[in-house]
There are 2 protein chains.
Amino acid sequence: MSPRRSVADTRRTRASILARGLDLASVEGLEGLTIGRLAADLSMSKSGVLGHFGTKEGLQLAVVDEAVALFAREVVDRSEAAGAAPGLPLLLAQCEAWVSYLERDLLPGGCFFTTVTAEFDDRGPGPVRTAVAARNALWQRRVRQQVELAVAAGELPAGTEPEQTVFELTGQVLALNHARRLYGDRGAAGRTRRAMRRLLGLPVPEDGAAAVLAVLPAPPDRD
Amino acid sequence: MSPRRSVADTRRTRASILARGLDLASVEGLEGLTIGRLAADLSMSKSGVLGHFGTKEGLQLAVVDEAVALFAREVVDRSEAAGAAPGLPLLLAQCEAWVSYLERDLLPGGCFFTTVTAEFDDRGPGPVRTAVAARNALWQRRVRQQVELAVAAGELPAGTEPEQTVFELTGQVLALNHARRLYGDRGAAGRTRRAMRRLLGLPVPEDGAAAVLAVLPAPPDRD
DNA sequence: CCTACCGATCGGTAGG
DNA sequence: CCTACCGATCGGTAGG
């Protein structure tokens with residue numbers, strides 16, 4: 001009487017499609033993520049894959065959700081789990097988690113959001129673009145809040161403009177992804193940490209010394 | 001006796017394909033640039049388009065060359081045409097031309113190299129990726145030379161690390177492209193100029209005041 | 001530069 | 001979850 005595939009089986013299949021889809025999309029982009037390729041990689045039929053999401057756009061949005069969950073786990077939660085006080089300490093924990101997330105190459109194509117932003121930023125408005133822009137904006141707001149608290153607490157200079165600071169921090173993260181993906185530059189994470197310390201007005205270690213921003217808990221287990 | 005299409009006609013057709021192809025590729029990427037779409041836009045047959053380049057990869061490489069020529073004209077040549085002295089003055093002219101190139105939205109998809117780098121940086125080695133990486137490396141070397149000259153001349157602090165400085169300047173340009181394309185942020189160019197001045201240790205104007213880096217000649221006519 | 005094709009692959013549907 | 005399709009589009013070729 002029980003169905004051939006249980007609810008748990010269905011959930012597992014869906015999860016395996018999304019895991020593979022996220023890997024593929026980080027390299028090929030969300031348009032390059034084709035249903036046929038995904039089905040072949042998973043030894044499934046195309047309709048078996050598509051049945052979980054209805055349309056390709058449904059699949060794309062589910063993959064975006066998967067990427068949002070990964071970023072939340074590895075960057076947002078991890079920076080908060082460090083137990084740093086609001087203001088400059090939490091800001092530094094956020095920056096360290098952000099850099100660490102890229103440095104560890106969690107996805108084969110580097111930062112999913114960078115790949116997809118470059119792919120969709122010139123397209124007309126649509127749900128995929130909206131979802132990606134909203135996630136970016138949310139994270140930048142979180143970082144800006146800590147800059148504001150740090151300025152109010154006198155931990156950063158009084159003239160600091162929070163919006164400008166977040167803009168500059170973001171740029172150094174983009175430079176990290178760029179240098180790592182295009183040139184395989186393994187020293188890029190260190191350069192980003194140094195740049196972040198300097199633009200926040202913190203002392204920068206001598207040339208060659210590591211510029212750790214904050215001590216974080218061990219990263220969560222993958223999958 | 002004369003051929004139906006002269007050499008000049010052929011060259012004009014080729015130029016019109018490349019102009020349209022560069023526009024399309026800046027938005028859709030070099031894979032999204034399809035021969036059929038290009039042919040339809042130009043009211044040509046697919047084989048008419050392909051005849052000029054042999055294969056799609058040939059077309060992609062020709063479009064990359066076109067983008068290199070645009071960057072050379074608008075950024076490299078223009079920063080040198082300002083007549084600035086080697087060292088800090090020329091470095092500032094380079095930065096201003098670089099920002100201005102993005103600020104003026106010369107291509108509908110923003111910086112061609114940013115789009116294509118994100119698209120190809122995770123692909124295996126190939127001629128397109130190699131050509132793009134080489135152009136990036138060439139420009140960064142040019143900028144680094146001026147940083148080195150500026151340090152030697154005492155125009156920048158003695159402890160300045162040129163490689164690190166170029167990395168940070170690049171990041172601010174990436175942040176500009178990102179903010180402009182994803183959020184339509186029209187103030188991003190100003191933020192990049194302020195960030196560049198600050199990371200070079202130059203005085204930054206009060207909030208709201210324009211932070212011009214250098215005065216450049218009028219941009220060359222397009223096409 | 002064209003028409004007229006080719007095999008492969010795309011997203012998606014019908015029906016089970 | 002499958003097989004068996006559909007029309008559209010892909011890059012590319014033959015022949016003129």
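Computed over heavy atoms, backbone and side chain alike; hydrogens, waters and symmetry mates excluded. First the proteins, then the strands, lettered A, B, ... as listed; each starts at 1.
- A salt bridge does not link A:Asp121 to A:Arg129: none of the charged side-chain nitrogens sits closer than 4.0 Å to a carboxylate oxygen.
- Nearer to the 5' terminus of DNA chain C, by closest-nucleotide assignment, is the contact made by B:His52 (compared with the other of A:Arg37 and B:His52).
- At whole-Å resolution of the value, CG in A:Leu50 and P in D:dC6 are 18 Å apart.
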Apply side-chain hydrogen bond (donor to acceptor under 3.5 Å, both in side chains) to B:Gln164 and B:Glu168, showing your working. CA-CA 6 Å; B:Gln164 175 78 21; B:Glu168 296 186 16; 2.7 Å; yes

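- Across the protein-nucleic acid pair, B:Leu33 atom CG and D:dT9 atom P stand 17 Å apart, rounded to whole Å.
- When all heavy atoms are compared, the tightest approach of A:Leu59 to A:Phe53 is N-CB, 3.5 Å.
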Secondary structure string for DNA chain D (Watson-Crick or G-U under 3.5 angstrom, | for other-strand pairs): ||||||||||||||||

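- Minimum heavy-atom separation, B:Phe112 to B:Ala25: CE1-CB, 3.8 Å.
- Not counting sequence neighbours, A:Arg135 has no partner by the side-chain hydrogen bond (donor to acceptor under 3.5 Å, both in side chains) test.
- A donor and an acceptor atom never sit less than 3.5 Å apart when one is taken from the side chain of A:Lys56 and the other from the base of C:dG12.
- Checked for salt-bridge contact, B:Glu163 and A:Arg191 miss the test: no charged N lies under 4.0 Å from a carboxylate O.
- Atom CG of A:Asp9 is separated from atom P of D:dC1 by 8 Å (rounded to the nearest Å).
- Rounded to whole angstrom, the span from the CZ atom of A:Arg14 across to the P atom of D:dC1 amounts to 12 Å.
- Between A:Ser47 and C:dG12 there is no side-chain N or O to OP1 or OP2 distance below 4.0 Å.
- Contact between the side-chain N/O atoms of A:Ser45 and the OP1/OP2 oxygens of D:dC1 is not found at any separation under 4.0 Å.
- The distance from atom NZ of B:Lys46 to atom P of D:dA8 is 14 Å, rounded to the nearest whole Å.
- Salt-bridge formation is detected for the pair A:Arg193/A:Glu96: a Lys NZ or Arg NE/NH1/NH2 atom is positioned less than 4.0 Å from an Asp or Glu carboxylate oxygen.
- Checked against C:dG12, C:dC10, D:dG12, the side chain of A:Thr55 finds its nearest nucleotide in C:dG12.
- Summarising the geometry, the separation between CD on A:Glu31 and C1' on C:dG11 is reported as 11 Å, rounded to the nearest angstrom.
- A:Phe53 has its CZ atom 16 Å from the P atom of C:dT13, to the nearest Å.
- Contact annotation: A:Thr10 does not reach the phosphate of D:dC1 (side-chain N/O to OP1 or OP2, under 4.0 Å).
- In this structure, the CG atom of B:Leu59 is 14 Å from the C1' atom of D:dC10, given to the nearest Å.
- The side chain of A:Ile35 approaches C:dG11 more closely than any other nucleotide in the set D:dC10, C:dG11, C:dC2.
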